[in-house]
Amino acid sequence: MTVHTVTTQPIAGQKPGTSGLRKKTPVFMGPHYLENFVQSIFDVVGAEGKTFVLGGDGRYFNDRAAQVILRMAAANGAARVIVGQGALLSTPAASHLIRLNKTDGGIIMSASHNPGGPHEDFGVKFNMANGGPAPEGVTEAMFQRTTSITAYKILEAHDVDLSAIGRSTLGGMVVDVVDPVSEYAALMETLFDFDAIRALFNGGFRMRMDSMCAITGPYAVEILEKRLGAASGTCVNASPLPDFGGMHPDPNPTWAKVLMDEMFGDNAPDFGAASDGDGDRNMVVGRGIYVSPSDSLAVLAANAHLAKGYKGGLKGVARSMPTSAAADRVADALGIEKFETPTGWKFFGNLLDAGRVTICGEESFGTGSDHVREKDGLWAILLWLNILAVRGETVADILKGHWARFGRNYYSRHDFEAIETVKADAMMASLRGMLKALPGTVIEGMTISAADDFAYTDPVDGSVSLKQGVRILFEDGSRIVLRLSGTGTEGATLRLYLERYVAGPEGLDHDAQEALAPVIRAAHDLAGIEGFTGRVVPNVVT
Ligand code: VG1
Ligand code: CO
């Protein structure tokens, strides 16, 4: 078979964001675009003689992109690629396969929680040999490479049959098509007490699992319905579709509204859960009660020892900076280390590899542990089930008991989407300019104690990440954080994170938006959101 070296030109605007490279699907499908980025990956990490994992969340162009990536891997001298059947793999399953097979890394085709389809989003991310997202230094090198690339290599060959499990060759490269679910399901069986969860379902416990027509459907059906005996029909929207059935596969109260309505309606099941496009996010809901992701992280950390995979306790807990401090209180109570990292799972990798932390989480519906190097939606859902099975309490009981013990970090994130980039940048620049003068200022009756632009020094390798988000802290423990999203594909998205701590025992039962009202007003005042962007009301509230 012939290897073609195709002359190409750098394509502007390929800077990888919080997690891989995301663009509108037609951009990715444009001439040489996918090829330029994939070649830039191989140029940075090297492909000669290496083994990679490949899979994606099944969105539009997933199947075609997989064939291109395979031909390019072969042309670049890769020895072997392990591909999920149908070119499918959830992000956590891909992370697991990278680690299990001791490969040199993997390419995941996904734009995660962004909608999919011919006019929606596509994405490509590279994970390292540890199974985790490429760190900033590596993604920056890939970006630099896209600006200077002059040629890419691709094999002239027919499509590989990815529909059947088994081994074939492509040029000199071995292609192993594997079941996307089985190894992942086996891993889950080592971490959780499947007998206890099975007994819970046998006892009439009812659950709704909404996979939002994205990748976790086959995983959820196999694990929840087949292995754990949940009633058939527990899993809905369980077939991955190229356009996610028109759904926006972002598991939050806005986009998973059907699930929320069911959980707050008459005859609600005991437990509800949803996951995102590539299966690394989760939302959990009890009957009549929503669990904020920051609280979910804290509850999981406080109760993980009830699951067999964590019965020896946790080494430490890490959360992203905008995530509420609820998990910190648990770490303090357990007497274990706690860490605050920038947004994005890649910042947890070193801490996990070094054995400093066991559980990590982000306010953006991401929780995970050292079993893989990605956040893991079904993992979090199974840990909740394991905890519910052992404690025999409802989600509401567990959450209220947690607040009574640790106090409550009222928390919310307000997203203002598709703002003109220049306006969002001007707002952030103005805010950054006023930080030094803020301490001591009184607003809404609250005194500002500190204000900065979050900078992070990795405790393991000493690398420094600057400008990770503006933090405004108040004397009473309240907090405002503002940053611009790094995963959007249209204009800028402003994320406003709001937090207020109540120690209890009074005042634990308020609506979060009501409890946060003064903090919300202070944020709008300080940042001048309306003046700069024209926006008053957020598009999404979580
Ligand atoms: C968002 C979230 C962040 C998460 C990232 C990737 O990033 O805020 O916490 O790690 O998405 O998640 P940003 O830069 O848009 O705020 V996923 O499930 O899209 O890979
Ligand atoms: Co995701």
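All figures in this text were calculated on a predicted structure; none of them were measured in a lab. Remember, it's 1-based here, ligands and their atoms both numbered in the order they're listed.
Inclusion of Leu484 in the set of residues having an N or O under 3.5 Å from an N or O of ligand 1 is not warranted. Taking only nitrogen or oxygen atoms, main chain and side chain alike, Tyr497 does not reach within less than 3.5 Å of ligand 1. Between Thr343 and ligand 1, no N or O atom pair is found at a separation short of 3.5 Å.
Among the atoms of Thr91, no N, O or S atom is found under 2.8 Å from the Co ion (ligand 2).
Screening Tyr60, Phe28, Tyr33, Phe37 against Phe122 for a ring pair (Phe, Tyr, Trp, His ring centres under 6.0 Å) leaves a single residue, Phe28. Partner of Ser90 under the side-chain contact (heavy atoms from CB on, under 4.5 Å) criterion, chosen from Ile215, Leu378, Val181: Ile215.
Nearest N, O or S atom of Asp280 to the Co ion (ligand 2): atom OD1. Nearest N, O or S atom of Asp276 to the Co ion (ligand 2): atom OD2. With respect to the Co ion (ligand 2), Asp278 has OD1 as its nearest N, O or S atom.
Val83 and Ala87 get closest at one heavy-atom pair: CG1-CA, 4.1 Å.
Donor-acceptor pairing under 3.5 Å is recorded for the side chains of Glu140 and Gln144. No hydrogens or angles considered: a donor-acceptor pair under 3.5 Å links the side chains of Ser412 and Gln513. Side-chain atoms of Ser211 and Thr216 include a donor-acceptor pair closer than 3.5 Å.
At a 4.0 Å heavy-atom cut-off, ligand 1 touches Arg22 through the side chain alone. Looking at Asp276 against ligand 1, only its side chain comes within 4.0 Å, counting heavy atoms. Of all the heavy atoms of Ser485, the ones lying under 4.0 Å from any atom of ligand 1 are found in both the backbone and the side chain. Only the side chain of Arg413 comes within contact range of ligand 1, with a heavy atom under 4.0 Å; no backbone atom does.
Under the 30°/60° scheme for interplanar angles, the aromatic rings of Phe52 and Phe42 are found to be tilted.
Close approach of ligand 1 to Arg495 (heavy-atom distance below 4.0 Å) involves ligand atoms 8 (O), 13 (P), 15 (O), 16 (O). Distances below 4.0 Å separate heavy atoms of Gly486 from the following atoms of ligand 1: 13 (P), 14 (O), 15 (O).
A salt bridge between Asp425 and Lys423 is absent, with no side-chain N of the basic residue lying under 4.0 Å from a carboxylate O of the acidic one.
Ligand 1 lies within reach of Gly344, whose nearest heavy atom is under 4.0 Å from it.
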Candidate pair Arg22 and Asp121, rule salt bridge (Lys or Arg N to Asp or Glu O under 4.0 Å), full reasoning: CA-CA 7 Å; Arg22 290 179 201 181; Asp121 293 354; over 6 Å; no

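With Phe474 as the aromatic partner, Arg500 does not meet the cation-pi criteria of under 6.0 angstrom to the ring centre and within 45 degrees of the ring axis.
Closest heavy-atom approach to atom 17 (V) of ligand 1 within the set Gly366, Gly361, Pro251, Ser112: this belongs to Ser112.
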